[in-house]
Amino acid sequence: MNQVEQAVRAAIVEILPDLPAAEITHDKSLRDLGADSVDRVEIISLLLHRLERAEPISNFAHIPDIGALIEHLSGGNS
């Protein structure tokens, strides 16, 4: 597991503390994991801060699942 994936998992568990970590799989979206719109913004904001990225949150609206989120944050074009 790379640094970005670890950061994504940590942020999700921090914002959704009742979510078992085993449920965080690449094919699920934040919504699938039970994150409402406020939770999703908090998760992305936390990730941008921790990964020292300056990027509009709106850039994440099209990202379909955790795998694509990790790819995007890793510098891929998802």
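No experiment lies behind these values; they were computed from the predicted model shown.
For the atom pair CD1 of I44 and OG of S58, the computed distance is 11.5 Å after rounding to the nearest 0.5 Å. With rounding to the nearest 0.5 angstrom, the CG atom of L33 is 10.5 Å from the CG atom of D39. Of the inter-residue distances, the one linking Q3 atom CD with I70 atom CD1 reads 12.5 Å to the nearest 0.5 angstrom. The structure places CG of L30 at 9.0 Å from CD1 of I63, a figure rounded to the nearest 0.5 Å.
Closest non-hydrogen pair, G34 versus L16, comes out as O-CD2, 4.4 Å. For the pair S29 and P64, the tightest heavy-atom approach, listed with the atom from each and the gap, is CB-O, 3.2 Å. Between A7 and L51 the shortest heavy-atom distance is CB-CD2, 4.0 Å. When all heavy atoms of A11 and I43 are compared, the closest pair comes out as O-CG1, 4.1 Å.
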Next item on the list: Dump the intermediate steps for side chain to side chain contact (heavy atoms under 4.5 Å, CB included) on V8 and I66, then the final yes or no.
Entry: CA-CA 8 Å; V8 168; I66 301 301; 4.1 Å; yes
Item checked: Evaluation steps, side chain to side chain donor-acceptor pair (under 3.5 Å), between E55 and H72 -> CA-CA 11 Å; E55 185 173 346; H72 179 88; 2.5 Å; yes
Next item on the list: I would like to know whether S37 and R40 meet side chain to side chain contact (heavy atoms under 4.5 Å, CB included); could you show each step before the answer?
Entry: CA-CA 5 Å; S37 59; R40 293 191 300 271; 3.7 Å; yes
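Taking the side-chain contact (heavy atoms from CB on, under 4.5 Å) definition, one finds that P17 meets it with nothing, sequence neighbours left out.
For the pair R53 (side chain) and L47 (backbone), a donor-acceptor distance under 3.5 Å is absent.
With a 4.5 Å cut-off on side-chain heavy atoms, V41 and F60 do not count as touching.
Note on residues 14-37: pairs passing salt bridge (charged side-chain N to carboxylate O under 4.0 Å, His left out), not counting sequence neighbours, are E14-R50.
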